[in-house]
Amino acid sequence: MQDKVAILVGTKGRGSNMLALIEACQSGQVPATVGIVIAPSSDSPAIQSAVQKGVPTIVVEPNEAYAEELLKAVRGCTVLCLAGLMRMLPQEVLDAFPNRVLNIHPALLPKFGGSGMYGMHVHRAVMESGERESGCTVHIVTPVYDEGPIVVQKTCRIFADDTPETLAQRVLALEHDAYPQALSMVLRGE
Ligand code: GRF
């Protein structure tokens, strides 16, 4: 039986990493099935894209029953992929999936991670610091934000005429390669 993956998207996320993971599973590039897409709100634009791909979706609101509801939603899954979810998962959920919760970050961790480092803030900070390269990181989620063992990193150059927006686009394209690759590695136990 193939591994089942749960993808947790954010409230406002485009869901492009979610789509990259779904497509990689559906094409056979990643030996797994996306069992469920979980969104924190019914407004999440990613829900429609998941439905169009034939993947079941569920809204789990971060209320007092968050941990319990999440654990129910991911029953039968062996890996959780965070794709734009901007909150820490409850400890009970992390404990139920040791080394099997992945996150993607749009910079080369451990630099440019942690509190306040999300979305365009990351790319602005990277450019302001005069870095000559950036990229993305897929890592195992631990209780500390943006820390945890790195599974895959992909890098790109920063050019003199880049803006945070052009850099964000280049990094996003890397993310769509890195996430399926990292998921395959984790499924193979690497
Ligand atoms: C990505 O940049 C990812 O690195 C970060 O959140 C963003 C989600 O984008 N964690 P998308 O919704 O997958 O397009």
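In listed order, ligands and their atoms are each counted from 1. For this chain, numbers begin at 1 and follow the sequence in order.
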Taking C-beta and beyond as the side chain, do Ser184 and Gln29 meet within less than 4.5 Å on heavy atoms?
-> no
Pro149 side chain reached by Thr142 side chain, heavy atoms, under 4.5 Å | yes
Minimum side-chain heavy-atom gap Leu167-Glu131 below 4.5 Å = no
Give the protein residues with at least one non-hydrogen atom closer than 4.0 Å to an atom of ligand 1, ordered by chain and number.
-> Gly13, Arg14, Gly15, Ser16, Asn17, Gly84, Ile104, His105, Pro106, Glu175
Establish, yes or no, whether the cationic atom of Arg87 lies under 6.0 Å from the six-membered ring centre of Tyr66 and within 45° of the ring axis.
-> yes
Would you find more than 12 non-hydrogen atoms of other residues, nucleotides or ligands less than 6.0 Å from Arg188 atom CZ?
-> yes
Set of salt bridge (Lys or Arg N to Asp or Glu O under 4.0 Å) partners for Glu175, sequence neighbours left out | none
